[in-house]
Student: 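Have a look at this one before I ask anything.
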Amino acid sequence: MEFDLKKFNEKRKLIKNVKSGKVEVAGWVYNTRALGKIKFLLLKDISGLIQITAVKGKVKDEIFEMLDKISSESVVYVKGSVKSSKQAPGGREIVPDEIKIISKADALPIDVSDFSKTELPKRLDFRFLDLHRRKIQAIFKIKSTMMQAFREFMVNEGGIEVQLPSIISSSSEGGTELFEVKYFNKKAFLSQSCQLYKQMLACSMEKVFAIFSVWRAEKHNTTRHLNESRQFDFEMAFADEFVVMDVLARCVQYIVKKVLEKNKQELNLLGVKLKIPKVKYMTFEQVAKLMKQNGVKMDKDDLSIEAEKKLGELFPDTIVFVHDWPLSSKPFYIMPKGEKLSRGFDAIYQGVEISSGGQRIHIPELLEKRLKAKGLKPKDFKSYIDSFRYGAPPHAGWGMGVERLLMQMLNLPNIREAVLFPRDRDRLVP
Ligand code: ATP
Ligand code: MG
């Protein structure tokens, strides 16, 4: 089918900008209806939805004939005149002079209407088609705002954006949940965190941030874990955990503010009532006491899933910072605070952990001691430890899961909803 793209792009109007006069639009067929002498086609593009209305005798016969026979999600071009109409969505409709089918859609394997009941796994099998849905597009329009807002906030804070390697020689945290890659004749791994690198950078560039992909070969199948996810990472020199918790709080508040400003329509479509979160600070001990009062089980030196959930119920629309965390359950690089506690923290938002962070150890001897205490070998971390031997200031930072934050902001039931093409244990395509 011949279609002059150059000419079309000179004339094209996005549907949201269609107001009056003669227009040329293109998009996907949402649905069609025939009511005797009048036929409707709902057309959508990324910006909106408009009704194409054909009355028998008032439009060319061939257009009237074809209008309700175009399959859903086919791509069509429409040229016509705009009329105001009380019944039509957006109060206007197009009376077509010309319609061209640019790409005919086959019978659809999943329901992509606004009222779709197709289950998530099936939707993900056909994610490219699932993304025709306005609600799904809304999630990723909001995610786009988030990514930009994070960068804006960090630049305003005086941060320097950095790029860090994704192929690493050994585990950054001593865990075993790594994907192995063949690196010439050596064994290497996909990064599960950029922790060690951003620390090295805080010791030279002072205030750095990154949007970083991480891979974790966790075998569990939960609604809050992915095998490939993205993180907002931040690290800063001359800071303790309280300085960076404050940065994190303002960062999330900034992101939410930008989403509220830019994505009103998308939030409405999703039925989400988003609020700029408040901030609350609690010690781990205070949380443990509170959970005891509420009859919620805690892990000995960690928050349980139930405890996170309870914090969300007790403090809605609040970022709850849990600090003075037991040393035993924080990674080796977290600065101790006395014998038993640490300068590590978690941030809980709407009942789920969105971030972990803390002040790091910048003293090589202390790092060696902590590695040994965790059953790790200092020699496996030699280049990392050595990086703190030539002038290392105290520093602190955090990593925040991008999809976790999005899931919590939009109250999504599954973290896979917050990724275009999620990778989990059973999913490698599309
Ligand atoms: P959790 O205890 O919830 O499994 P974690 O403590 O193992 O998370 P961190 O190493 O602290 O995770 O990672 C920093 C942040 O990255 C977390 O607070 C979370 O927001 C996000 N995150 C961690 N693991 C995943 C994952 N598998 N999928 C998606 N996001 C994750
Ligand atoms: Mg954590």
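All ligand and atom numbering here is 1-based and tracks the order in the structure. Note that the structure is a prediction, hence the values are computed from the model and not measured.
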Student: Given Q408, Q195, R404, which one has a non-hydrogen atom that is nearest to atom 3 (O) of ligand 1?
Tutor: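 It is R404 that holds the nearest heavy atom.
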Student: Closer than 4.0 Å to some heavy atom of S356 - which atoms of ligand 1 meet that?
Tutor: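 Under 4.0 Å from S356, ligand 1 has these atoms: 11 (O), 18 (O).
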Student: Using the side-chain contact (heavy atoms from CB on, under 4.5 Å) rule, pick out the option among L248, I354, D346 that qualifies with W398.
Tutor: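 So, applying the side-chain contact (heavy atoms from CB on, under 4.5 Å) to W398 and each of L248, I354, D346, only L248 qualifies.
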Student: Between ligand 1 and M400, is the shortest N or O to N or O distance under 3.5 Å?
Tutor: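 No, M400 has no N/O under 3.5 Å of an N/O on ligand 1.
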Student: Consider only side-chain N and O atoms of D302 and S329, and report whether a donor and an acceptor are under 3.5 Å apart.
Tutor: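 No, S329 and D302 have no side-chain donor paired with an acceptor closer than 3.5 Å.
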Student: Which is closest to atom 21 (C) of ligand 1 in terms of heavy atoms, A347, G401, S355, G399?
Tutor: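 Closest candidate by heavy-atom distance is G401.
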Student: Does the Lys NZ or Arg CZ of K100 fall within the cation-pi geometry relative to Y77 - under 6.0 Å from the ring centre and within 45° of the axis?
Tutor: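 Ring-cation test returns yes.
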Student: Among R423, R216, Q192, which one has a heavy atom closest to atom 10 (O) of ligand 1?
Tutor: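 Nearest option to atom 10 (O) of ligand 1, by heavy atoms: R216.
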Student: Below 4.0 Å, non-hydrogen atoms only: which portion of D346 touches ligand 1? Side chain, backbone, both or neither.
Tutor: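 Neither part.
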Student: Hey, are R343 and E241 close enough for a salt bridge, meaning a charged N less than 4.0 Å from a carboxylate O?
Tutor: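 Yes, R343 and E241 are salt-bridged.
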Student: Is S355 close enough to the Mg ion (ligand 2) that one of its N, O or S atoms comes in under 2.8 Å?
Tutor: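 No.
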Student: Under 4.0 Å between a Lys/Arg side-chain N and an Asp/Glu carboxylate O for K258 and E261?
Tutor: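 Counted as a salt bridge, because a side-chain N and a carboxylate O are separated by less than 4.0 Å.
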Student: Hydrogens and angles aside, do Q350 and D317 bring a side-chain donor and acceptor to less than 3.5 Å of each other?
Tutor: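 Yes - a donor-acceptor pair under 3.5 Å links their side chains.
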Student: Per the side-chain contact (heavy atoms from CB on, under 4.5 Å) rule, which among K337, E339, K340, R370 passes with L327?
Tutor: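 The residue from K337, E339, K340, R370 that satisfies side-chain contact (heavy atoms from CB on, under 4.5 Å) with L327 turns out to be R370.
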Student: Under 6.0 Å from the CZ atom of R250, do we count more than 12 heavy atoms belonging to anything else shown?
Tutor: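 Above 12, so yes.
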Student: Ignoring hydrogens, just give me the one of E403, E353, M407 whose non-hydrogen atom is nearest atom 6 (O) of ligand 1.
Tutor: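 Looking at heavy atoms only, the winner is E353.
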Student: List every atom of ligand 1 that sits less than 4.0 Å from any heavy atom of I415, numbering the atoms from 1 in the order shown and giving each element.
Tutor: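 Near I415, meaning under 4.0 Å from one of its heavy atoms, ligand 1 has 29 (C).
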Student: Atoms of ligand 1 less than 4.0 Å from Q231 heavy atoms?
Tutor: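 So the atoms of ligand 1 that pass are 13 (O), 14 (C), 15 (C), 16 (O).
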Student: Among V29, L49, T32, find the residue that satisfies the side-chain contact (heavy atoms from CB on, under 4.5 Å) test when tested with L42.
Tutor: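 Answer to the side-chain contact (heavy atoms from CB on, under 4.5 Å) test with L42 among V29, L49, T32: L49.
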Student: Of all the N, O or S atoms in E353, which one sits nearest to the Mg ion (ligand 2)?
Tutor: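 Looking at E353, the N, O or S atom with the least distance to the Mg ion (ligand 2) is OE2.
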Student: Would L226 count as being in polar contact with ligand 1, using the rule that some N or O on each side must be under 3.5 angstrom apart?
Tutor: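 Min N/O separation from ligand 1 is below 3.5 Å for L226.
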Student: Check each atom of ligand 1 against the heavy atoms of H225 and keep those under 4.0 Å away; list them by number with element.
Tutor: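 Answer, ordered by atom number: 1 (P), 3 (O), 4 (O), 26 (C), 27 (N), 28 (N).
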